[in-house]
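Notes for the one structure printed next.
Only this structure's heavy atoms are used, side chains among them; waters, hydrogens and symmetry mates stay out.
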Amino acid sequence: MTPFIQSKLPNAGTTIFTTMSALAVQYQAVNLGQGFPDFPMNENLIELVSDAMRKGYNQYVHMNGLPLLRERIAEKIHFLYGATVHPDTDITVTPGATYAIYSALTSFVQPGDEVIYFEPAYDSYVPGILLNGGIPVGIKLVHPDYVIDWNEVKKAVNNKTRAIIINTPHNPTGKIINDNDIAELRNLVRDTNIIIISDEVYEHIIFDDEKHLSLLRYPDLAERSFICFSFGKVYHCTGWKMGYVIAPAEMMKEFRKVHQFNCFTSNGAVQYGLAEFMLQREQYTELGKQLQQKRDYFANAMSATKFRALPSSGSYFQLYDYSALSNELENDFAVRLTKEYGVTTIPVSAFYTDATDHQLLRFCFVKKQETLDRAVERLVKL
């Protein structure tokens, strides 16, 4: 007899990304739903990793990450944000940023702790909080501009508040935080024990000459933060699942206690390759301009349709309003779009715990030009 297991995530099912991608395959649709490129990654990075494998760098590396890679990360952080982080005590290389976020939560959330996050939200936040016995406290970004209502945040803070999760550039909306957000956050957490988890995986994908306001720029915020990054989003290798987290030494000690009994270490050969590739700074300093061209190309093509674009200041994504086309709920419309018109997107309602619906779909524009063209050719028929 199969043993009974009481689910820790009784309300969790198959993710919307898996569901929509399966539909895309079934109906041979153009998949603009999942957030990854369909164009080749840099051949030089592939060769550097392959060369590391051929040289025999195929065994475990240091639990905290290859020392040379951590040094290169520290150099990059100082170059970009003027912050000094110690490669030995403040940086841990992880198998992806989602792992880093979950491990950060696991390192400090106790049963009954409340964790504030903002909806629409990346779908790993709430499960990570729940699995650690925490209580998710969702605050909705104000539609249609998707700004933080700091008065609502202040109302939500109490003596059970343990952490706040920030995400900039934001998935799924493409919004970025501004100077006022930083000032409000500073005032909110000052003289408290609130920890911040800052999800900054799209740090280099910023458009229109805006600046990424990493919490690493602000020592008073950095001293209470786990700041999570992704190599996959920077170098178009999302399937490698490589990232890193930066935190003050005392907080990182707790993170590493979790890390050592989970994956323990990350892919060694890839770390050797990344350490060398990081010397090519233009690979990340020019990324925003390169992907802005894709955002603008897609938006210009979509102007021939009845979809209306909402502003996107960063990330892989842009939201489009379809209210001129249909009164259907987002999930229903997204499914019909895949089945009848052969274009797959993600309904924004999937990023809310209560399925809030504003007749919006999330499109990933980080695709080959011919992929975007094929999608628009189908969408203009609506």
Side-chain angles (χ1 to χ4, degrees), residues 14-40 120 122-123 143-146 169-175 202 205 207-208 233 236 238 288 290-352 355-382:
T14 304
T15 71
I16 188 66
F17 309 104
T18 300
T19 299
M20 295 307 295
S21 287
L23 277 175
V25 172
Q26 182 180 351
Y27 289 90
Q28 298 182 320
V30 180
N31 192 347
L32 302 187
Q34 283 198 308
F36 55 78
D38 67 346
F39 48 81
Y122 177 51
D123 68 341
H143 173 77
D145 296 324
Y146 291 106
H170 184 256
N171 175 16
T173 68
K175 295 292 291 187
Y202 297 104
I205 308 174
F207 310 137
D208 306 314
K233 297 298 193 299
H236 309 313
T238 59
Q290 294 166 6
L291 296 190
Q292 181 176 332
Q293 291 176 354
K294 289 189 174 293
R295 180 203 66 174
D296 294 347
Y297 180 86
F298 183 60
N300 182 63
M302 286 287 282
S303 65
T305 75
K306 293 182 180 179
F307 288 89
R308 180 177 63 85
L310 273 64
S312 173
S313 298
S315 83
Y316 279 174
F317 310 111
Q318 187 151 23
L319 303 188
Y320 280 81
D321 183 309
Y322 65 82
S323 59
L325 288 162
S326 172
N327 291 322
E328 293 167 271
L329 294 175
E330 290 172 2
N331 190 77
D332 296 339
F333 185 70
V335 170
R336 186 165 71 86
L337 202 62
T338 297
K339 291 181 176 181
E340 297 182 10
Y341 292 90
V343 179
T344 297
T345 61
I346 300 294
V348 178
S349 57
F351 296 89
Y352 290 91
T356 294
D357 197 301
H358 293 295
Q359 294 188 295
L360 294 169
L361 300 178
R362 190 194 76 172
F363 288 78
C364 176
F365 53 77
V366 184
K367 306 290 181 181
K368 292 182 290 190
Q369 183 172 318
E370 52 264 41
T371 302
L372 300 176
D373 287 342
R374 280 195 297 125
V376 175
E377 285 171 6
R378 300 176 182 190
L379 295 174
V380 293
K381 299 175 182 177
L382 273 84

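A distance of 9.0 Å separates CG in L361 from CD1 in I346, rounded to the nearest 0.5 Å. Between the NE2 atom in H143 and the CG atom in L360 there is a gap of 5.5 Å [rounded to 0.5 Å]. Atoms CZ and CD, from R362 and Q34 in turn, are 8.5 Å apart once rounded to the nearest 0.5 Å. With rounding to the nearest 0.5 angstrom, the CZ atom of F351 is 8.5 Å from the CD1 atom of I16. A distance of 8.5 Å separates CG of D296 from CD of Q318, quoted to the nearest 0.5 Å. The CG atom of D38 sits 5.0 Å away from atom NZ of K368, with the distance rounded to the nearest 0.5 Å.
Closest approach of Q359 and N327 over heavy atoms only: NE2-CA, 3.2 Å. The minimum heavy-atom distance linking G35 with T238 is given by the pair O-CG2, 4.4 Å. Of all the heavy atoms in L379 and L337, the pair that sits closest is CD2-CD1, 3.9 Å. Among all heavy-atom pairs drawn from Q292 and D208, the shortest one is OE1-N, 2.8 Å. Contact record, F363 with T345: CE2-CG2, 3.3 Å, taken as the closest heavy-atom pair. Between A29 and T344, the shortest heavy-atom contact is CB-OG1, 3.4 Å.
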Discussion item. Please evaluate residues K306 and L382 with respect to the criterion side-chain contact (heavy atoms from CB on, under 4.5 Å), reporting the C-alpha separation (whole Å), side-chain torsions for both, the decisive distance (0.1 Å), and the verdict.
Written reply: CA-CA 8 Å; K306 293 182 180 179; L382 273 84; over 6 Å; no
Worksheet entry | Worked check of side-chain contact (heavy atoms from CB on, under 4.5 Å) between K294 and F39 | CA-CA 12 Å; K294 289 189 174 293; F39 48 81; 3.6 Å; yes
Discussion item. Run the side-chain contact (heavy atoms from CB on, under 4.5 Å) test on Y316 and L291 for me, step by step, so that the C-alpha distance in whole Å, both residues' side-chain angles and the decisive distance to 0.1 Å come before the verdict.
Written reply: CA-CA 8 Å; Y316 279 174; L291 296 190; 4.1 Å; yes
Worksheet item: What do the steps show when you test Y320 against T305 for side-chain contact (heavy atoms from CB on, under 4.5 Å), and what is the final call?
Response: CA-CA 11 Å; Y320 280 81; T305 75; 5.9 Å; no
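F207 has its side chain out of reach of P169: every pair of non-hydrogen atoms, C-beta onward, lies at least 4.5 Å apart. In this structure, the side chains of T173 and V348 stay at 4.5 Å or more apart for every pair of heavy atoms. Side-chain contact check for Y122 versus H170: every heavy-atom pair is 4.5 Å or farther apart. F298 is not listed as a side-chain neighbour of T371, based on a closest heavy-atom distance of 4.5 Å or more.
Side-chain atoms of N31 and S21 include a donor-acceptor pair closer than 3.5 Å.
A donor-acceptor contact shorter than 3.5 Å links the side chain of R295 to the backbone of S312. With hydrogens and angles ignored, the 3.5 Å screen pairs no side-chain donor or acceptor of E330 with any backbone N or O of D357. Looking only at distances, a side-chain donor or acceptor of K175 sits under 3.5 Å from a matching main-chain atom of D145.
At least one cation-pi condition fails for K233 and F36: the charged atom is not both under 6.0 angstrom from the six-membered ring centre and inside a 45 degree cone around its axis.
Ring geometry for Y202 against F317 counts as perpendicular: the plane angle is over 60°, on a 0 to 90° scale with 30° as the lower cut. By the 30° and 60° cut-offs, the orientation of the rings of F333 relative to Y322 is parallel.
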